[in-house]
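The structure appears below as structure tokens.
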Amino acid sequence: MFDNLGEKFDSIISKVKGYGTINEDNISEMVRDIRVALLEADVNYKIVGEFVNSVKEKALGEEVAKSLKPGEVFASILRNELIKILGEEEAPLTMNKPINITLMCGLQGSGKTTTVGKLGALVRKRYNRKPLFVACDVYRPAAIDQLKTLGKSLNIEVYEEGKGNPVEIAKRAVEYAKNNGYDYILIDTAGRLQIDEELMDELVNIYNAVNPSEVLLVLDAMIGQDAVNVINGFNEKLKLTGSILTKMDGDTKGGVALSLRHLTNIPIKLIGDSEKLDGLSEFVPSRIADRILGMGDIVAIAQRAEEVIDEEEAKNAAKKLKQGKFDLEDFLNQMRQVKKLGPLENLLKLLPGARKAGLDNINIDPKAMAKVEAIVLSMTPSERRNPDIIKASRKQRIAKGSGSTVEEVNRLLKQFEEMKKMMKQFTNGNMKMPF
Amino acid sequence: MGLFDRFKIFSKKEEVKNEEEIDKYDKGLTKTREDFVNKLSILGIKYTKIDEAFFEELEEILIMADLGVNTTMSFVDKLRKRVKEENISDFYYLKEVIVDELMLIYVNGENLSSKINFNNEGLTTILFVGVNGVGKTTTIAKLASKMIKEGKKVMLIGADTFRAGAVEQLKDWANKVGASFYGKDESDPSSVVFDGLTAAINEKYDVALIDTAGRLQNKVNLMKELEKISNVIKKVTEREVDETLLVIDASTGQNGVSQAKSFSEICSVTGLVLTKMDGTSKGGIVLSIKDTTGLPVKFVGFGEKEEDLMSFDIEKYIYGLFKEW
């Protein structure tokens, strides 16, 4: 996300560093570059104008002229202006009702049903809520099936009545939730155009029937300059409390993310950033600005780790490492924990300076990790605990069992030894972390 | 003869069907026209002479229509040049120049056809690709129904084994439009395609429409999977894939260009299907993609009904856009 935009900003900032000073002459070139970069990213035309003028004014101000490091001051001006258009404050989900009712709406194909699934998992995990899904998309073939499949894999119940009247279904679902102890109701609705009066009226009727505490517009992050019309169209009929941007893990330059808040005053509450069912993150303006400017998002990594990594396991492994008792069994456990963090590429991108270090374009083949796992699994428990006993004939057996070659088994064993050595040094404090 | 004069003769002479088609374009483009032409009309009133301020505002209007910065800049530069060289001062004439030049971005001296490339000696394979949620499955259903009405024997192959309920969705559609269906949930998409195509060849089907999972173009592993599917089709049919159609949502911004480039690299896209055109007031992405990648639009979707999916015709498109200007 924001990849190209970030690259453009990088090169503009390094230009400023090269100039050493900012004046009327060289600012116009930079302003033009920023303008083109933002327009190419589908940022709304009006916002581009305001942004560029504001940056120009501040860059020509005294602070930069006096500074010994104009590049850094310029970068911080960009950061502040970005945060400003992103909406400054984070907008959390509404959680103040004993039973929260969330109505999801949006255009066709924006990702509503998938997002319903993700949001259900999120409120259960983070807010300790008991969610119920309600299937009110009675138009798209198999939409109910899709929600049911999601519900099944998440172990969340789905309230559905097949192809009935969505207003009545929603009403009865709320009753059902009250009687069965659910406290977070998520209503999935059919995709519709904001100009389709009949379907918009239906949505208003659902709204009036259930009086939701939260109305979220699900919006595809790749949408172009039409975004503003879509948002206003929905907001005129329903009082939107926020929006969720989906498909942010694509190479979208995310212009809509930069335009939405400022133009419509509707906060972005969450972003969808992976195809996995836990791929929904909070939208925090300052952190998004940092990502755009290549400053990374350590908070996101930490949060992710906290959610999926088993603390006991981790402590255990650390203890074993210190005592030099770390074996292949622990290695396997660690690897499985890391796998839970999701695609490693996504994590690397969140490291500060990832773009400059070329870490943003790395592709890690999940099959390579599966292979390592297969090799370790083909060893006997005693081999895993004591890799030293693995000699030629054992290696052959392991290779055969895991569908790999003896060389691959050798490589893994060697890597494991090296890793152990390195870890020992870390924990003894003889070496600094490599970054 | 300008485009508009051509249309006046055209609609008198041609059969009713053509008029109906023009009508569809007309209706489907209402939103775009209202937005775009309104702004252009104001431009004509606001400026008494064609100067730099005029060009800058024209530039803004085009960018707002999702035409893209680069395409817009080169277009406006060309216009500046023509205005200077031909000494154009009459707005009415400039209007015609703008319309003609916009069409030239698309046509670019090529002889473009939006016709499907059918295999006359056996099974025609059409592979549908695109990012998530653009309307691939629905497009396949509409196209299948059209082909069945033309008397073709059509099979739908559901290779979207990723999204929950996707195979079901296509199966429902197949039943509705009267096509055969092949697909399995939770299996490898390439093997589904292999089995489906083998059946289609053995049972002498005319057309196989292959649905794939939506994928973002920067997901390398998913794109590799697509490459594999494309190779499997070639292997089974012992010929190139007859059509690989990239489905794009008309409200997509400049990411559409990136989609067209990335998917083309992986599975040689032969054309585009532009969906949900009736819902957007923009749609400049047609010109932007053609300008940067050379890919033609084969179909355009103006609504939810089956007959709303139409062969793309740039003349009708431009006419629908500008007829009130």
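Order of the sequence lines fixes the chain letters, A, B, ..., with proteins taken first and strands second; residue numbering starts at 1 for each chain.
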About how many Å separate OH of Y45(A) and CD of E60(B), when rounded to the nearest 0.5 Å? 4.5 Å

Residue part contacting chain A, namely of D172(B), when any heavy atom lies under 4.5 Å: side chain

Atom group of Q217(B) that falls short of 4.5 Å from chain A, counting heavy atoms: side chain

Using non-hydrogen atoms only, which part of L222(B) is less than 4.5 Å away from chain A: side chain, backbone, both, or neither? side chain

Working to the nearest 0.5 Å, report the span between CD1 of I63(B) and CZ of R35(A). 5.5 Å

Measuring heavy-atom distances to chain A, does V257(B) have an atom under 4.5 Å in its side chain, in its backbone, in both, or in neither? neither

Determine the option with the most heavy-atom pairs under 4.5 angstrom with chain A, choosing from R163(B), Q259(B), K176(B), R215(B). R163(B)

Ranking I223(A), V36(A), D145(A) by heavy-atom pairs under 4.5 Å to chain B gives rank one to I223(A)

Heavy-atom closest pair (T149(A) atom, A164(B) atom, distance to 0.1 Å) is CB-CB, 3.6 Å

Taking NZ in K228(B) as the centre, count heavy atoms belonging to other residues, nucleotides or ligands within less than 6.0 Å. Is the count above 12? no

Of all heavy-atom pairs linking P141(A) and Q169(B), the shortest is O-CG, 3.2 Å

Choice from K171(B), K224(B), K276(B) maximising heavy atom contacts with chain A below 4.5 Å: K276(B)

Look up atom CD in E168(B) and atom CD1 in I144(A), then write down how far apart they are to the nearest 0.5 Å. 12.0 Å

Using 0.5 Å steps for rounding, measure from the CG atom of L216(B) to the CE atom of M248(A). 11.5 Å

Which residue out of S251(B), G165(B), S262(B) racks up the most heavy-atom pairs below 4.5 Å with chain A? S251(B)

What's the verdict on side-chain contact (heavy atoms from CB on, under 4.5 Å) for T252(B) and D42(A), showing C-alpha distance, side-chain angles and the deciding distance? CA-CA 9 Å; T252(B) 306; D42(A) 292 318; over 6 Å; no

Residue N70(B) versus chain A: region with a heavy atom under 4.5 Å: side chain

For N218(B) versus D249(A), what's the shortest heavy-atom pair and its separation? ND2-O, 3.0 Å

Spatial distance of atom CD (Q108(A)) from atom CD (E304(B)) [nearest 0.5 Å]: 5.0 Å

Please classify the contact between D226(A) and chain B as side chain, backbone, both or neither, with a heavy-atom cut-off of under 4.5 Å. both

Heavy-atom count around E52(B) CD within 6.0 Å, excluding the residue itself: above 12? yes

Over 12 non-hydrogen atoms of neighbours within 6.0 angstrom of NZ in K152(A): no

For the residue pair K247(A) and N132(B), what are the closest heavy atoms and their distance? NZ-O, 2.5 Å

Which bit of L39(A) comes within less than 4.5 Å of chain B, counting heavy atoms only: side chain, backbone, both or neither? both

Could I get the full list of salt bridge (charged side-chain N to carboxylate O under 4.0 Å, His left out) partners for K46(A), not counting sequence neighbours? none

What residues form a side-chain hydrogen bond (donor to acceptor under 3.5 Å, both in side chains) with Q194(A), not counting sequence neighbours? none

